[in-house]
Number of protein chains: 4
Amino acid sequence: MPIADARTKPRWERRKDARPQELLAAALDLFVERGFAATRLDEVAALAGVSKGTLYLYFENKEELFKAVVRENMVPQLADAEELIARFEGHTSELLRTCIKNWWARIGATKLSGISKLMIAESGNFPDVARFYHEEVVSRGEALIRRIVERGIALDEFRPVDPVTATRVIIAPVLMLMMWRHSLHYCHLDPIEPDAFLDCLIDLLTRGFETPAPSTSLPE
Amino acid sequence: MPIADARTKPRWERRKDARPQELLAAALDLFVERGFAATRLDEVAALAGVSKGTLYLYFENKEELFKAVVRENMVPQLADAEELIARFEGHTSELLRTCIKNWWARIGATKLSGISKLMIAESGNFPDVARFYHEEVVSRGEALIRRIVERGIALDEFRPVDPVTATRVIIAPVLMLMMWRHSLHYCHLDPIEPDAFLDCLIDLLTRGFETPAPSTSLPE
Amino acid sequence: MPIADARTKPRWERRKDARPQELLAAALDLFVERGFAATRLDEVAALAGVSKGTLYLYFENKEELFKAVVRENMVPQLADAEELIARFEGHTSELLRTCIKNWWARIGATKLSGISKLMIAESGNFPDVARFYHEEVVSRGEALIRRIVERGIALDEFRPVDPVTATRVIIAPVLMLMMWRHSLHYCHLDPIEPDAFLDCLIDLLTRGFETPAPSTSLPE
Amino acid sequence: MPIADARTKPRWERRKDARPQELLAAALDLFVERGFAATRLDEVAALAGVSKGTLYLYFENKEELFKAVVRENMVPQLADAEELIARFEGHTSELLRTCIKNWWARIGATKLSGISKLMIAESGNFPDVARFYHEEVVSRGEALIRRIVERGIALDEFRPVDPVTATRVIIAPVLMLMMWRHSLHYCHLDPIEPDAFLDCLIDLLTRGFETPAPSTSLPE
DNA sequence: AATGAATGAGAATTCATTCAT
DNA sequence: AATGAATGAATTCTCATTCAT
């Protein structure tokens, strides 16, 4: 665990504006890796290159830091996706592929994916944060995908399926892929290739949702 | 100090053998709900109906308890599945369906599903347990499913896909469903129905893997 | 500050019943001498001959310990005094003398006098304890003395004075004497002699409250 | 960075000299209300309207601030009283009344009364300040009152009493009245009226010290 | 085997003090 | 002179672990 003591700087440095972000980034890393309880604030501070006390200038206590980590890293991406869906023209399979790929590029492949792991691991300990997360992220995210499924069905590009359930079946493997990224023990032998995984998934979804070729019965 | 041969004890006192199991069960519940660090041994003992000291008669320390929890709850189911696959006759889609359903019935729907969440959450803190878990469970589990996929391809019942990747795409949603069971915040509105989820998933996999209908080219 | 490490005992000793009292006694000493904030729980524990952690088996936190110290040491003495007043027969001056002497013997001269100093010093920091103390001790104590004054007036043994104010004038010097006992810096030269102080006070009160000799002016 | 000669500053900026006084006043308020340890320098600075750092321009550290608070608020009044006593002509009871009333008007009713409470509360933590305070204030104050008592006895206006003890009996209730002013919890119902208290006290002292009417035995 | 009082190392949190600006 | 961000020593509080009974 290399603690970045990148300081040949003066004993301290005045940079009130950058600090919170640096601390949040450090906290995200450690919370994701170790969980809430096992993360020591000393380490967060050290990783951010400040002293323990400094942390308390910006966050009232450990729990507030945790909440801030969740809060700060969540919202922005959803709006873009919502817009994309609204504007998209083309086959719904294509839309689904684009969305999944975007999701991965913008969240799954970044540190933000850690938040998901964090919420799965800690939701039992922080019911209010969990509720908040569910409302602001999970619900909106599900609605997003559900709209795609509904569009597919409406345009007769997808078989008629239960959109709520189908949505979750779509989401689950992507989420799981995000979680795996933070379960390092998997890296041995045969590491998971996100792109291969997603291509396979998308392929599966495309075929699985496509309307049965009507031509088969036509010839007669 | 009454000297008592254990075999002469009345029935209600022969808890000796049951104790470790009760403790492991209690520990599983709490570790899954709260994580390793946030679980207090007081509570584990209380939930098992014994005193804190008693715990140390059976487990050297907290970490050993954790390892025991993982160890005790993993192995047994895999052998059955391995045998099922070896013996199965019929369409591979049917085999896949059976296996997934069994998996859910025997693991996903039980407390054992908590182990998966636990390993995802704590693998960073217990690399050796993670490695052990990976070897004993993950690898064997993946191999199991992979054999099905390979069988499907070999029998020309499945499209030719990369078995390793396809395996993970199959596993991921089931695992995620297991995790969700332990993230209570989901329970609001619209709870996830495991059976509907799995049926939808199996349907998708069946269609997604099925060999392209050769009939389409027949008419000529 | 000799910390009584009177332990040639085993590493610890099981005596659940005595512990709270020992801890309260130690806490009283230190709170009185240093005040709430300046008292360290380590020291309280050390003075009671136990470890820091043991304190928390009996008191939830520092503030609860403080409250317990105040609560435990106050109430019992008042009941006795109330009864004495009710039964007393004789001149009210004599009753007043007896009460003051008793007060000193049972409280002023003991460790309990420290509570008064404590409440004066800390009432600003613990409004709720202050309120509690006021209701349970101050009010009852004032009522006690006031009843004496009223009796004196009723029996024409005391001049008619405002009982409420007179009561406080009686109480104040005794309280102050109690406070001085805990302001060690006074001990230099000329230490205060509680008995001489109280005798002088009682003498003063006796003469000051006595009904003016009516005979002097009558003869003419 | 505008370079400004302090002497060219507009009137409202020449706070330089006032600063220490403002800080001392703020510190007095908080030390009295909360005690030394529970007073945070942040709050002192905030109450004085400056930043924490500024405090250190005027006082080396918290303890020096405390000492300065005590030092600055003690001395001045005693000289006047000493002179008053030297010059006074009239009955000693009158002198005593005047002195007590002055004492209250000039000290008891002002913030200075807080110093007494502070010294009672903190003398254990600051033995040297206590000694200093004792020598400069307590001793001189006692001497002052003692001189009155001695004058009364010498002029045959007071009964012969032990002047040292009598002095303390006089002082104690006034001091206690000062302390009560800073123990807010008393304010409920029935607040103490300083003037009524002092009148009652003075009345008591006057009668209590007066020489027994020699006339009683004269009638013949 | 079981208990639970006692321990003490370790983590969170506070706040007097410093010092670059 | 004034500021206030940064520091870290000191203190409260927690909880895994021990061990006499």
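Given the structure is predicted, the values throughout are model-derived calculations rather than measurements. Hydrogens, waters and symmetry mates play no part in the numbers below; they use all other heavy atoms, side chains included. Every chain is numbered from 1, with letters handed out A, B, ... down the list of sequences.
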task = Taking all heavy atoms of D:Asp128 and all of D:Lys67, pick out the closest pair and write down the distance.
result = OD2-NZ, 3.3 Å

B:Ala45 to B:Leu23 - nearest heavy-atom pair and separation = CA-CD2, 4.5 Å

D:Phe126/D:Tyr133 aromatic ring centres below 6.0 Å =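 No - the distance between ring centres of D:Phe126 and D:Tyr133 does not fall below the 6.0 Å cut-off.
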
remark   = For DNA chain E, the dot-bracket notation using Watson-Crick and G-U wobble pairs below 3.5 Å, [ ] for pseudoknot-type crossings and | for other-strand pairs, is .||||||||||||||||||||

Which whole-number value in Å describes the distance from [X] [atom1] to [N] [atom2]?
X	N	atom1	atom2	value
A:Glu63	E:dT13	CD	C1'	14 Å
D:Leu65	E:dC15	CG	C1'	15 Å
C:Glu60	F:dT12	CD	P	16 Å
C:Leu41	E:dA9	CG	C1'	17 Å
D:Phe36	E:dC15	CZ	P	13 Å
B:Glu64	F:dT17	CD	C1'	14 Å
C:Lys62	F:dA10	NZ	P	16 Å
D:Phe59	F:dA1	CZ	C1'	15 Å

task = Taking the side chain as every heavy atom from C-beta outward, state whether B:Val44 and B:Asp29 have any pair of such atoms under 4.5 Å apart.
result =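 No, side chains not in contact.
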
key: Electrostatic pair A:Arg34:B:Glu122 at N-O distance under 4.0 angstrom   = no

query = Is NZ or CZ of A:Lys62 both nearer than 6.0 Å to the six-membered ring centre of A:Phe36 and within 45° of the ring axis?
reply =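 The answer is yes, since A:Lys62 meets both limits relative to A:Phe36.
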
query = More 5' along DNA chain E: B:Ser51 or C:Thr54, using each one's nearest nucleotide?
reply = B:Ser51

task = Assign each of C:Leu55 and D:Thr39 to its nearest nucleotide of DNA chain E by heavy atoms, then name whichever residue's nucleotide is nearer the 5' end.
result =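 The residue mapped nearer the 5' terminus is C:Leu55.
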
ask   = Which word best sums up how the rings of D:Phe31 and D:Phe66 line up, parallel for under 30°, tilted for 30 to 60°, or perpendicular for over 60°?
value = perpendicular

task = Look at all strands and tell whether B:Lys52 reaches a base, only sugar-phosphate, or nothing, counting heavy atoms closer than 4.0 Å.
result =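 If one applies the 4.0 Å heavy-atom cut-off, B:Lys52 turns out to touch a base.
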
query = Looking for any heavy atom pair under 4.0 Å, which part of the strands does C:Leu57 touch: base, sugar-phosphate only, or nothing?
reply =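 Answer is base: heavy atoms of C:Leu57 come under 4.0 Å of a base.
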
inquiry  = When you measure from the side-chain N and O atoms of A:Tyr58 to the phosphate of F:dA6, is any distance below 4.0 Å, counting only OP1 and OP2?
reply    = yes

ask   = A:Arg40 side chain: which of F:dT17, E:dT13, E:dA11 is closest?
value =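 Minimum distance to the A:Arg40 side chain belongs to E:dA11.
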
